[in-house]
Amino acid sequence: MAATQTPTSQPTKSTRDGFGEALLEIGRANPNVVALTADTFTLSRIDMFAKEHPERTFDVGIAEQNLLGIAAGLASTGLEPYVTSYAPFLTARSLEQLRNDICYTGFNVKVCAVCGGIAISVGGSTHHAIDDLAFLRAIPNITVLVPADAVESYKLTKAMAQHPGPTYLRMGGRAPEPLLGIGDYPVEIGKASQLREGKDLTIIACGSLVLPSLRAAEALAGEGIEARVLSMHTIKPLDRDAIVKAAKETKRIVTAEEHNVHGGLGGAVAEVLAETVPVPMRMLGIKDVFATIGGLQELYDLYHLNTQGVLETVKAVLEA
Amino acid sequence: MSESREELLARLLDRATAVRAGVMVALNAAGSGHVGGSMSIADVLTVLYFHTMRYDPKNPRWPDRDRLVLSKGHANAALTPVLAEAGFYDKELVKTFNKLNSPFGMHPDMRKIPGCDMSTGALGHGLAVGVGMALGARLQNKGFRTYVIMGDGELNEGSIWESAMAAARFGLDNLVGIVDRNRFCLGSATEDTMPIEPLADKWRAFGWAVREIDGNDLAQVVDTFDAAPFVEGKPTLILAHTVKGKGFSRAEDRCDWHYQTVNEEVLEAALAELQAPGQRS
């Protein structure tokens with residue numbers, strides 16, 4: 001169990017930085033690591049790796065389909081490619097390459113996406129990825145990871161290096177994200193990280209919604225409601241045991257994610273509950289609309305992807 | 001004893017004829033399939049597997065083997081008998097084509113077919129994978145070559161040209177692209193559907209060293225593969241002019257034989273033609 005106190009104002013660090021630092025260490029230890037990008041050299045933070053290993057770094061230009069195909073070919077020769085670009089273009093644009101050339105073949109390609117969710121808030125819906133988890137959940141053979149902060153991003157990157165096979169890592173954008181700041185806790189692929197114990201309900205969150213969930217849990221504690229909080233950083237394979245346990249022990253479930261409410265974490269949890277312990281649940285996410293333009297925090301507030309939104313969702317499930 | 005050129009070409013003709021017979025056997029087992037594009041590419045595949053490429057059928061994943069990506073995966077009815085002839089599996093297995101749980105279907109699956117280096121089917125994917133293989137060879141100081149067979153209609157896919165740029169950018173002279181220029185896609189002639197000419201000029205403009213050959217002339221195919229890479233530091237493109245349906249007169253140069261029924265009557269007619277001496281030059 002981690003500490004339960006979350007400070008109100010967090011130091012920040014990009015999930016991209018956690019990834020870049022881990023990749024540098026992985027690349028130093030493993031000469032088979034290759035980094036690829038589609039013109040997102042610095043944005044994706046492979047520049048740290050590239051500086052030490054220019055001969056193992058390739059920029060294919062703005063050509064994401066080609067990027068994923070080349071990665072598949074490299075992996076087929078025994079190399080371990082880490083592919084970086086924007087989340088919407090690594091998934092929606094080149095989904096067929098990801099499905100056929102990487103997942104169908106089972107090649108050991110790490111697809112490391114920056115600007116997941118609505119990170120490029122002013123970019124509009126062409127640059128949002130609020131459907132990537134839904135796409136990937138429907139494809140066999142791929143592991144899908146969504147770190148909550150730079151620490152989880154670092155740990156998951158290190159973990160996926162030891163985890164052969166197609167993997168998708170969904171990170172945030174340019175703006176450094178707040179760190180959870182709750183001390184060290186285990187981050188293991190395929191296992192939910194329980195960040196807070198509780199008996200009255202469970203909030204299952206991923207990515208940018210984990211911190212608001214922790215804050216909501218603190219606020220609820222003041223009202224005598226004990227909320228368990230799980231960081232469900234592995235969307236696939238999903239930790240069914242943790243979900244079933246939470247449903248049995250806390251009787252109510254809330255999910256929270258920076259994704260369409262269709263097909264993401266909420267859908268995945270609902271599928272498990274429907275077949276096992278069908279307790280009341282509510283989902284927080286973007287409600288099947290193309291998100292509008294604005295600052296990131298403005299959009300988080302507009303779509304209730306914040307502490308208040310989690311509290312509203314908790315209230316709804318408690319009244320269910 | 002080294003083989004004389006005459007002996008080589010006679011041996012390859014035997015193999016190519018066996019491969020064409022295998023195409024018809026596979027598609028007869030399936031009931032129907034991609035006759036035209038499988039027959040057009042039979043000579044190129046034959047030369048690759050029985051003259052040019054290095055591989056070990058007892059060790060299909062040998063790391064130093066040459067690679068083949070059949071980007072026009074719908075010609076798997078040709079690759080299937082080729083790999084059987086090459087000794088990767090029993091020729092009798094060709095008769096399971098498209099059957100329940102067969103390793104062999106309309107498009108190749110590398111996880112099921114020994115000797116198959118890449119799963120393909122959706123068009124426009126193979127060249128990128130070939131670029132990755134060739135780059136992987138260079139990074140690991142391995143001498144293997146990568147061959148990518150593309151259909152001509154497939155060149156309508158924009159992703160091909162992304163990869164064409166990359167191969168030249170990375171100077172991959174260990175990569176050989178082959179275009180099976182049989183002039184037809186599924187619905188009509190390529191030039192009526194979405195014109196791709198001037199094709200040789202396009203590849204040259206993208207930085208490739210290009211040669212045009214008769215892709216159904218075994219001697220020309222042999223000499224061209226022997227000459228690759230044509231230019232040091234440049235990827236190689238062989239523009240192989242072929243006849244769709246080559247080897248079965250009923251199917252030759254006919255768009256409607258892109259995909260056709262292969263019943264017993266068709267199979268017998270095709271096998272009779274293929275077994276008739278001197279039917280091919």
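All heavy atoms count here, side chains included; hydrogens, waters and symmetry mates do not. Since the structure is predicted, the reported quantities are computational estimates derived from the model, not experimental observations. Letters A, B, ... mirror the listed sequences (proteins, then strands); counts begin at 1.
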Peer 1: Can you tell which of B/Ala128, B/Ala134, B/Gly136 has the highest number of heavy-atom pairs within less than 4.5 Å of chain A?
Peer 2: B/Ala128
Peer 1: Check whether B/Leu135 gets within reach of chain A through its side chain, its backbone, both or neither, counting any heavy atom under 4.5 Å.
Peer 2: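 Interface part for B/Leu135: both.
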Peer 1: Using non-hydrogen atoms and a 4.5 Å limit, figure out which bit of B/Met165 sits close to chain A: side chain, backbone, both or neither.
Peer 2: neither
Peer 1: Quick one: ring-ring contact (aromatic ring centres under 6.0 Å, His included) pairs with a partner in residues 57-81 of chain A, sequence neighbours left out?
Peer 2: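 Matches after skipping sequence neighbours: A/Phe58-B/Phe170.
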Peer 1: Stepwise, does the side-chain contact (heavy atoms from CB on, under 4.5 Å) test hold for A/Ile70 with B/Val129?
Peer 2: CA-CA 5 Å; A/Ile70 290 176; B/Val129 176; over 6 Å; no
Peer 1: Return one line per donor-acceptor pair between chain A and chain B under 3.5 Å, naming both atoms and the distance rounded to 0.1 Å.
Peer 2:
from     : atom 1 : to       : atom 2 : distance (Å)
A/Asn66  : N      : B/Glu162 : OE1    : 3.0
A/Asn66  : OD1    : B/Ser163 : OG     : 2.7
A/Asn66  : ND2    : B/Glu162 : O      : 3.3
A/Thr77  : O      : B/Gln140 : NE2    : 3.2
A/Thr77  : OG1    : B/Gln140 : NE2    : 3.0
A/Glu96  : OE1    : B/His125 : NE2    : 2.5
A/Asp101 : OD1    : B/His125 : ND1    : 3.0
A/Asp101 : OD2    : B/His125 : ND1    : 2.8
A/Tyr104 : OH     : B/Asp109 : OD2    : 3.3
A/Thr105 : O      : B/Arg111 : NE     : 2.3
A/Thr105 : O      : B/Arg111 : NH2    : 2.4

Peer 1: List the atom of A/Leu74, the atom of B/Gly132, and the distance in Å for their closest heavy-atom pair.
Peer 2: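 Minimum heavy-atom contact is CD2-O, 3.3 Å.
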